[in-house]
Engineer: 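Handing you a structure now.
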Amino acid sequence: MTNPQPTLDGAELLDAVERFHRRFNVFPTEAAYVAVALWDAHAHLLDAFDSTPRLAFLSPEPGSGKSRALEIVETLVPQPMVAVNASAAALFRAVSGMDGRPTILFDEIDTVFGPKAGENEELRGFLNAGHRRSGVTYRCVGDGANQSVQAFPSYCAVAVAGLGSLPDTILTRSVIIRMRRRAPNEKVEPFRQRIHEKEGHALRDRLAAWASAVRPAMEGKWPVMPEGVTDRPADVWEPLLAVADAAGGTWPQRARTACVELVNAAQDGDKASLGIRLLTDLRDHVFQGADRMPTAVILECLLAMDDAPWGDLDDKPLTPRTLAKMLSQYVTPANKPIKPRGIRTASGTPKGYYAEDLADAWERYCPPPPQKSATSATSATPQVSTGESVADPASDIRHTSAEPATVPLRAVG
């Protein structure tokens with residue numbers, strides 16, 4: 001009697017992969033289970049895609065299940081290579097070696113990119129280059145005067161786990177799973193490698209067989225992205241949505257729902273969006289319809305926001321110099337860097353910022369403003385009437401400006 005062939009029902013197979021994760025992992029959201037199952041499958045189909053997303057299990061504290069998640073992924077992906085504090089040279093030589101492309105699983109990534117670990121530019125460059133199929137790492141090979149430059153392929157699937165965060169360039173290439181400690185009512189089955197690894201490998205072999213069957217049909221096809229998912233997030237999610245479309249069943253819809261949820265979550269928590277957070281806070285909590293604001297008042301308002309990062313930027317509160325540096329990355333409607341300018345008040349002409357200079361950046365980068373009156377009061381923000389008054393940093397009294405407003409604040413849509 002011959003053994004039955006593994007099923008090629010993609011939807012049922014992804015369901016089984018998801019169930020396997022649920023036995024041993026407690027992920028923070030349903031979207032995380034969907035994304036991780038799709039990522040496991042995509043690792044068997046790398047040559048069908050132009051890019052591969054990094055999978056990042058991150059948490060603020062130990063004991064949040066990051067390493068266990070990586071262990072389960074290890075049983076499901078092709079040629080897993082577990083790396084802890086591996087050098088960039090070792091990794092790119094493994095990827096370009098003759099034994100086949102590995103799936104790199106990098107645990108304790110915070111020891112490489114954490115605050116005490118230095119920049120590790122070489123490894124960051126490898127991880128960034130390997131995000132795309134065309135990515136290579138250049139190195140000199142040979143001895144002495146006989147050296148030559150050689151390109152080493154870097155394209156491979158990478159999953160990482162660690163405390164804290166990652167460099168911005170890696171975060172933007174990643175599906176980010178924010179792990180957390182299990183609550184008392186959240187139970188998982190203990191993972192025993194000698195027992196459960198075989199089950200994972202059986203699913204891995206089924207994924208490999210399914211990938212071989214669907215790969216020809218996936219060549220040259222591009223999945224339809226959810227509305228608003230473009231640029232780098234689209235690069236990250238295209239392979240996962242393509243896998244979901246090939247699997248069928250409920251997976252195409254579940255994948256797009258997970259995509260929108262995790263992309264939005266990444267944008268909300270991404271360190272790279274600190275500038276956007278500043279612009280948004282200036283619009284919604286500081287200016288609130290005022291046409292100008294002294295720097296001292298801006299800092300007072302920002303530092304009074306309890307849920308904002310401005311009181312602790314690299315262990316120091318936001319300063320006028322840091323504020324000016326952050327805003328100078330954006331430009332005015334005249335395409336010049338945003339800079340502080342003199343503002344006339346009753347007690348002098350302090351430096352500050354004009355809404356007309358910020359309006360273009362607000363419109364381009366910020367989410368739609370909250371639905372409330374521009375004159376609504378908050379306890380943390382001194383109120384200023386558009387075109388009529390400015391806040392004087394020397395007192396709590398509003399003073400009428402002798403200078404009329406030049407450009408009204410544009411609506412941000």
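Computed from a prediction, not measured in an experiment: that's the story for all the values here.
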Engineer: What residues, two or more places apart in sequence or in another chain, satisfy ring-ring contact (aromatic ring centres under 6.0 Å, His included) together with W39?
Structural biologist: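 Scan of W39 (ring-ring contact (aromatic ring centres under 6.0 Å, His included), adjacent residues dropped) gives H42.
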
Engineer: Taking side-chain contact (heavy atoms from CB on, under 4.5 Å) as the criterion, tell me which of V36, N25, V160, I176 meets it with F57.
Structural biologist: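 In the set V36, N25, V160, I176, the residue that makes a side-chain contact (heavy atoms from CB on, under 4.5 Å) with F57 is V36.
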
Engineer: Check side-chain hydrogen bond (donor to acceptor under 3.5 Å, both in side chains) between T349 and all other residues, then give those that pass, not counting sequence neighbours.
Structural biologist: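 For T349, no residue satisfies side-chain hydrogen bond (donor to acceptor under 3.5 Å, both in side chains) once neighbours in sequence are set aside.
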
Engineer: Listed by chain and number, what are the ring-ring contact (aromatic ring centres under 6.0 Å, His included) partners of Y353, not counting sequence neighbours?
Structural biologist: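 Expected list: none.
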
Engineer: Assign the ring pair Y33 / F27 to parallel, tilted or perpendicular, where the plane angle (0 to 90°) is split at 30° and 60°.
Structural biologist: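 Ring orientation of Y33 relative to F27: tilted.
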
Engineer: Under 3.5 Å, side-chain donor or acceptor atoms of residues 316-329 against the rest of the protein: list the pairs with distances, not counting sequence neighbours.
Structural biologist:
unit_1: T319; atom_1: OG1; unit_2: T322; atom_2: N; d: 3.1
unit_1: T319; atom_1: OG1; unit_2: T322; atom_2: OG1; d: 3.0
unit_1: S328; atom_1: OG; unit_2: A324; atom_2: O; d: 3.4
unit_1: S328; atom_1: OG; unit_2: K325; atom_2: O; d: 2.7
unit_1: Q329; atom_1: NE2; unit_2: M326; atom_2: O; d: 3.1

Engineer: Who passes salt bridge (Lys or Arg N to Asp or Glu O under 4.0 Å) against R277, sequence neighbours left out?
Structural biologist: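 Partners of R277 under the salt bridge (Lys or Arg N to Asp or Glu O under 4.0 Å) test: D281.
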
Engineer: May I ask you to decide if G342's main-chain N or O and R292's side chain share a donor-acceptor pair within less than 3.5 Å?
Structural biologist: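 No, R292 side chain to G342 backbone: no donor-acceptor pair under 3.5 Å.
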
Engineer: What residues form a salt bridge (Lys or Arg N to Asp or Glu O under 4.0 Å) with E61, not counting sequence neighbours?
Structural biologist: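 With neighbours one apart ignored, the set is empty.
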
Engineer: With E71, which residues qualify under side chain to side chain contact (heavy atoms under 4.5 Å, CB included), at least two apart?
Structural biologist: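 E71 satisfies side chain to side chain contact (heavy atoms under 4.5 Å, CB included) with R68, F191 only.
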
Engineer: Decide yes or no for D40 and H21: does some side-chain heavy atom of the first lie under 4.5 Å from some side-chain heavy atom of the second?
Structural biologist: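 In contact.
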
Engineer: Mind checking ring-ring contact (aromatic ring centres under 6.0 Å, His included) for H131 and listing every partner two or more places apart, or none if nothing turns up?
Structural biologist: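 By the ring-ring contact (aromatic ring centres under 6.0 Å, His included) rule, H131 matches no residue at all.
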
Engineer: Quick one: list whatever passes side chain to side chain contact (heavy atoms under 4.5 Å, CB included) with E197, sequence neighbours left out.
Structural biologist: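 Checked E197 against side chain to side chain contact (heavy atoms under 4.5 Å, CB included); matches are T75, Q193, H201.
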
Engineer: Considering residues at least two apart in sequence or located in another chain, which fulfil the ring-ring contact (aromatic ring centres under 6.0 Å, His included) criterion with Y365?
Structural biologist: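 Testing Y365 for ring-ring contact (aromatic ring centres under 6.0 Å, His included), a comparison that skips the adjacent residues, returns Y330.
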
Engineer: Could you check if a side-chain atom of R101 sits within less than 4.5 angstrom of a side-chain atom of L46, using non-hydrogen atoms only?
Structural biologist: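 Heavy-atom side-chain distance check passes, below 4.5 Å.
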
Engineer: Taking side chain to side chain contact (heavy atoms under 4.5 Å, CB included) as the definition, give me every residue that meets it alongside D50, ordered by chain and number, with sequence neighbours left out.
Structural biologist: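 Expected list: R133, W222.
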
Engineer: Side-chain atoms of residues 235-245: list all donor-acceptor pairs with protein atoms under 3.5 Å, sequence neighbours left out, distances to 0.1 Å.
Structural biologist:
unit_1: D235; atom_1: OD2; unit_2: R132; atom_2: NH2; d: 2.6
unit_1: D245; atom_1: OD1; unit_2: R256; atom_2: NH1; d: 2.9
unit_1: D245; atom_1: OD1; unit_2: R256; atom_2: NH2; d: 3.3
unit_1: D245; atom_1: OD2; unit_2: R256; atom_2: NH2; d: 3.0

